[in-house]
Amino acid sequence: HQRHLHTDAQEQAEERQRQVLSQCQTQDTEKLIQHLERLWEHFGIPWWHQKLYTERCYSDDVQPEVILQEAEALAAGTSVVQQVQQAIKDREDVLIFLSVLRGAFDDHEFCTPGSVARRQLSDYLYHLRIITMTVISKLTEWRRAVGPRGQKGAAVVAGPSGRGAIWPCQIDGGKVWEDYLLYTAKDDSIVRSFKAVVELCDESDPLLLHGSVGGVGPHESGLLCPPSCDALQERGQLEEARLQLLELEMSLKAFAPHSSRTSESYSIKGGSPV
């Protein structure tokens with residue numbers, strides 16, 4: 001009888017210990033969450049990332065290690081969301097320079113073999129291709145990291161493909177795009193402004209693949225072709241980026257009716273639909 005009482009007392013003590021540990025873990029997790037949210041505010045992380053991350057990573061079985069890893073990456077400036085922000089900024093900077101270049105020289109100067117205008121145009125078309133490839137890669141990585149998880153037993157799992165994770169954008173205070181990758185794929189207006197001097201595809205060509213093998217270079221006469229991508233590794237990376245962009249376009253078309261938000265319902269400045 002005494003042994004039985006001792007066993008009951010031991011089990012009760014162990015249960016109290018588990019409850020205390022659980023409470024401590026909950027308190028630690030809450031502190032980590034608060035710390036992460038302060039980092040989001042400090043580094044200007046967009047609200048849609050915060051919402052997607054919260055919905056994906058905060059749950060009854062949330063792992064403090066996951067939150068800590070995100071916080072440490074943010075503090076170091078290496079988190080995937082920060083990499084996306086930097087890549088987009090770099091791409092917009094290149095587009096701004098191309099706009100300035102378009103206004104600084106006339107078509108004759110761009111057509112003159114070896115001219116400063118022609119060489120700079122060739123260089124920045126190459127920069128645009130590389131940074132566009134980086135944007136596609138980083139946004140694809142981000143979408144897979146924060147995309148909504150599929151419900152258990154569901155026929156389609158949303159997480160791996162990143163369906164539901166979009167990066168809305170508003171370019172120069174103008175049109176609101178549902179996703180920056182969609183904007184990248186569809187809006188080539190700045191590159192198209194060089195149509196009189198550059199060999200361009202009739203359709204949008206965000207990675208500037210048209211005419212990029214064996215085409216006319218900056219020191220030759222004729223319509224300038226995008227810089228060559230003869231290197232095998234670069235061609236492989238470009239092909240991967242092209243397929244990722246194609247997958248995004250297809251998923252947006254196929255799953256648009258099931259999306260919780262559309263391009264018209266996003267508020268870029270705020271954290272709630274308009």
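Remember, it's a predicted structure, so these values are computed and weren't measured experimentally.
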Is there a path of hydrophobic side-chain contacts, each under 4.5 Å between heavy atoms, that joins [X] and [Y]?
| X | Y | value |
| --- | --- | --- |
| Ile96 | Tyr180 | no |
| Ile33 | Val146 | yes |
| Val198 | Tyr126 | yes |
| Val116 | Val197 | no |

Any donor-acceptor N/O pair, [X] side chain to [Y] backbone, under 3.5 Å:
| X | Y | answer |
| --- | --- | --- |
| Gln120 | Ala117 | no |
| Ser115 | Cys111 | no |
| Gln85 | Gly44 | yes |
| Arg102 | Ile190 | no |

Do the non-hydrogen side-chain atoms of [X] and [Y] ever get within less than 4.5 Å of each other?
| X | Y | result |
| --- | --- | --- |
| Asp90 | Thr134 | no |
| Val176 | Cys169 | no |
| Leu238 | Arg129 | yes |
| Pro168 | Glu178 | no |

Practice task
Could you walk me through whether Thr140 and Leu245 pass side-chain contact (heavy atoms from CB on, under 4.5 Å), step by step?
Solution key: CA-CA 9 Å; Thr140 299; Leu245 201 56; over 6 Å; no
How long is the straight-line distance from [atom2] of [Y] back to [atom1] of [X], given to the nearest 0.5 Å?
| X | Y | atom1 | atom2 | result |
| --- | --- | --- | --- | --- |
| Ile136 | Gln237 | CD1 | CD | 12.0 Å |
| Arg91 | Gln86 | CZ | CD | 14.5 Å |
| Lys31 | Ile67 | NZ | CD1 | 14.0 Å |
| Leu36 | Thr54 | CG | OG1 | 7.5 Å |
| Leu95 | His127 | CG | NE2 | 13.0 Å |
| Leu207 | Thr132 | CG | OG1 | 6.5 Å |

Exercise for the section: Assess whether side-chain contact (heavy atoms from CB on, under 4.5 Å) is satisfied between Trp40 and Glu37, documenting all intermediate values. Expected result: CA-CA 5 Å; Trp40 281 341; Glu37 291 174 348; 3.9 Å; yes
Looking only at heavy atoms, what is the nearest atom pair of [X] and [Y], with distance?
| X | Y | result |
| --- | --- | --- |
| Ile166 | Trp48 | O-CD1, 3.7 Å |
| Pro227 | Leu125 | CD-CB, 4.0 Å |
| Ser79 | Leu74 | OG-CD2, 3.4 Å |
| Ala185 | Ser204 | O-OG, 2.6 Å |

Exercise for the section: Answer yes if the side chains of His49 and Trp142 hold a donor-acceptor pair under 3.5 Å, and no otherwise. Expected result: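 Present: a donor and an acceptor within the cut-off.
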Exercise for the section: Tell me yes or no: between the side chains of Glu109 and Thr112, is some donor less than 3.5 Å from an acceptor? Expected result: no
Handout entry: Test: Asp179 and Lys186 ion pair at under 4.0 Å
Key =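 Looking at Asp179 and Lys186, the cut-off is not met.
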Practice task
Identify whether the distance between the nearest side-chain nitrogen and carboxylate oxygen of Asp123 and Arg119 falls below 4.0 Å.
Solution key: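 Salt bridge: no.
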Handout entry: Any residue meeting ring pair (Phe, Tyr, Trp, His ring centres under 6.0 Å) with Phe110, in chain and number order, not counting sequence neighbours
Key =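 Ring pair (Phe, Tyr, Trp, His ring centres under 6.0 Å) list for Phe110, sorted by chain: Phe105, Phe194.
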Completion exercise
Gln69 meets the side chain to side chain donor-acceptor pair (under 3.5 Å) criterion, sequence neighbours left out, with none
Handout entry: Verdict with supporting geometry, Trp167 and Leu139, side-chain contact (heavy atoms from CB on, under 4.5 Å)
Key = CA-CA 8 Å; Trp167 191 286; Leu139 268 172; 3.8 Å; yes
Exercise for the section: Please assess Val81 against Tyr53 for the test side-chain contact (heavy atoms from CB on, under 4.5 Å), listing each intermediate value before the final yes or no. Expected result: CA-CA 10 Å; Val81 65; Tyr53 185 92; over 6 Å; no
[X]: partners by side chain to side chain contact (heavy atoms under 4.5 Å, CB included), with sequence neighbours left out:
| X | answer |
| --- | --- |
| Glu141 | Val80, Lys138 |
| Leu243 | Glu239 |
| Glu199 | His210, Leu223, Cys225 |

Handout entry: Residue that, paired with Leu200, satisfies side chain to side chain contact (heavy atoms under 4.5 Å, CB included) out of Asp205, Val191, Asp188, Leu224
Key = Val191
Problem - Summary of ring pair (Phe, Tyr, Trp, His ring centres under 6.0 Å) pairs that have at least one residue in residues 64-104, sequence neighbours excluded - result: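 As it turns out, the ring pair (Phe, Tyr, Trp, His ring centres under 6.0 Å) pairs with a partner in residues 64-104, which skip direct neighbours, are Phe97-Tyr124.
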